[in-house]
Amino acid sequence: MKYQRLRGVKDVFSPDNSVWESIIAAAVSVFKTYNYSLIITPTIEEISLFSRGIGEASDIVMKEMYDFNDKKGRHIVLRPEGTASVVRAYIENSLPEKSDMYYIGQMFRYERPQTGRYREFYQIGVESFGDATPYKDAEVIILASAILKAAGIKDAVLNINCLAADAGYYEKLKNFLEEKKSGLCGDCKNKLSRAPIRVLDCKNEGCRQAVAGAPLITEHLTPGAGASFSKIKSLLTAAGISFTVNPAMVRGLDYYTAVVFEFTTDKLGPQQNTILAGGRYDNLVEELGGKKTPATGFAMGIERLFEVLKAQEGTITEAGPEAFIIVDKEFIDRGFELVNSLRNSGIRCAMGYQERSFKSQFREAESKKAGFAVIIGETEVNTGKYSVKNMADGSQKEIEAAGIAAYIKGRP
RNA sequence: GUGGGUGUAGCUCAGUUGGUUAGAGCGCCAGGUUGUGGCCCUGGAGGCCGCGGGUUCAAAUCCCGUUACUCACCCCA
């Protein structure tokens, strides 16, 4: 008990690892069919990339970054999210103006850990550059939905909103809220200047009443954004994707400029229910030093998908090897030879190399959930045929070494 | 960052008003006439009772601190 994990981080191993593998495999397979390509960026970046990109005033930048000075005194941060890094890489490497990319990797935020919330967590994300059409927004949302489906997530709910309000909207909203200020909770009074839309989303009963009748952003979109938002909605509907427009939804990252969306679930408790979120950010590339480029994307949290899948499916069991080799202590070399040849034939198999009793080896085969046990003892060596035992029904058959792989494959 | 709950064996947990060598179930290992798993039986290994301090003749038990986990707030994936 000497060393312990650091706060808010985790180890992932059997049987949970198989769920992680399947989530990643599902996502990668969907990315291939949508023709998005992998981009790998560093885990560390200059701190200003995020303070500029995400917004100086955001919680992530103000209090949640893992930052440190390196040996040369550079101010470094462990990335709290993926988008700014990908944008940096897009600009720095002069990638094709139109680029569709995905990434998988860990992010770091110094927060109080909670269900579905870690200090180091994994995101799968996509960023699409160079396409300002509503078709691309719809494509990205459909892609997100396809991954959730492929990963086996049921009952995810899609909320969308558009943040491209006309010039007067925020002023109008602030004025409205100022008048109701006395009825708002403390938190909302603070939010008023920084993120007035958030006040619309407060769960506090007093705030809800005070906020009734407030001007809605969806009724104050710029003409272009309004048309685009309508088109996105009709494209989603045509694609068979159901959604709810939620005019109170805001994201915590300041770079979103138009459509934003969130997939949520009721499987993670009341608060950490967002499993995937994203939106359009048409100014970020320029803000980070590139030329003005439209872009849209999203990120999903692997831990949260994992929790949802676990809640849906209950106990997780990892598949065992197809074969487990059991040997008399005289014949460990023969067992080693067999396990290698079965592996060369594509059979998933294992054996223990210690000198142990048959009973003990059978127990191991049992606990590893092996499909078959292949026994190599004196009798087998004398006859030239090994015993292959079906662990499920107990039946046993003698087969020459060369035929074992085919026999096992023939009976899955 | 704020507030609540909890830390005893690998896991899930007991542990009486403070009182001798701290327990159970599961798991693990080994046996049950030396070639066969699951069920059953027997035995075994494995705990500075989260850490530090205090009260006491005596602390897993009471008090303080600290740390980790956990739930909620905030925020987010």
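Computed over heavy atoms, backbone and side chain alike; hydrogens, waters and symmetry mates excluded. Every chain is numbered from 1, with letters handed out A, B, ... down the list of sequences.
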Applying side chain to side chain donor-acceptor pair (under 3.5 Å), name anything that partners [X], two or more places apart in sequence or on another chain.
X: Thr264(A); result: none
X: Lys136(A); result: Asp100(A), Glu139(A)
X: Asn17(A); result: none

Regarding [X], tell me which of base, sugar-phosphate or nothing describes its non-hydrogen contacts under 4.0 Å with the strands shown.
X: Met300(A); value: nothing
X: Tyr118(A); value: base
X: Gly125(A); value: nothing
X: Gly278(A); value: nothing
X: Leu276(A); value: sugar-phosphate
X: Gln106(A); value: nothing

How far, in whole Å, is [M] from [N] if one measures between their [atom1] atoms?
N: U16(B); M: C69(B); atom1: P; value: 28 Å
N: G52(B); M: A68(B); atom1: P; value: 16 Å
N: A9(B); M: A60(B); atom1: P; value: 14 Å

Can you check each nucleotide of nucleotides 1-7 of chain B against protein heavy atoms at under 4.0 Å and return B for base, S for sugar-phosphate only, - for none, in 5' to 3' order? BBB----
Closest of A77(B), G37(B), U70(B) to the Met391(A) side chain is G37(B)
In residues 357-370 of chain A, which ones come under 4.0 Å of RNA chain B, going by heavy atoms? Phe358(A), Lys359(A), Ser360(A), Phe362(A), Arg363(A), Glu366(A)
Find the distance [X]:[atom1] to [N]:[atom2] and express it as a whole number of Å.
X: Phe263(A); N: C76(B); atom1: CZ; atom2: C1'; value: 17 Å
X: Asp393(A); N: U36(B); atom1: CG; atom2: C1'; value: 14 Å
X: Met249(A); N: A77(B); atom1: CE; atom2: P; value: 11 Å
X: Phe121(A); N: C75(B); atom1: CZ; atom2: C1'; value: 11 Å
X: Asn390(A); N: U36(B); atom1: CG; atom2: C1'; value: 14 Å

Listed partners of [X] passing salt bridge (Lys or Arg N to Asp or Glu O under 4.0 Å), at least two apart:
X: Glu303(A); value: Lys10(A)
X: Arg343(A); value: none
X: Asp282(A); value: Arg280(A)
X: Glu45(A); value: Arg88(A)

Please name all residues satisfying side chain to side chain contact (heavy atoms under 4.5 Å, CB included) with Val381(A), sequence neighbours left out, ordered by chain then number.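 By the side chain to side chain contact (heavy atoms under 4.5 Å, CB included) rule, Val381(A) matches Phe331(A), Arg334(A), Ile376(A).
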Between Ile375(A) and Arg7(A), which residue's closest nucleotide on RNA chain B lies nearer the 5′ terminus? Ile375(A)
Hey, which sits more toward the 5' end of RNA chain B by its nearest nucleotide, Gly377(A) or Glu303(A)?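 Of the two residues, Gly377(A) wins.
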Looking only at heavy atoms, the pair that brings Phe324(A) and Gly352(A) closest together is CZ-N, 3.8 Å
To the nearest 0.5 Å, how far apart are CD in Glu46(A) and OG in Ser85(A)?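 Going from the CD atom of Glu46(A) to the OG atom of Ser85(A) covers 11.5 Å.
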Are Glu127(A) and Thr83(A) linked by a side-chain donor-acceptor pair shorter than 3.5 Å?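 Looking only at side-chain atoms, Thr83(A) and Glu127(A) do form a donor-acceptor pair, the distance falling under 3.5 Å.
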Just to be sure I follow the notation: if a pair is Watson-Crick (purine N1 to pyrimidine N3 plus N6-O4 or O6-N4) or a G-U wobble (N1-O2 and O6-N3), each under 3.5 Å, what dot-bracket string does RNA chain B give, with | for pairs to another strand? (((((((..((((.....[...)))).(((((.......))))).....(((((..]....))))))))))))....
Counting only pairs under 3.5 Å, give me each side-chain donor-acceptor contact of residues 147-159 of chain A, with atom names and distances, residues two or more places apart or in other chains.
none

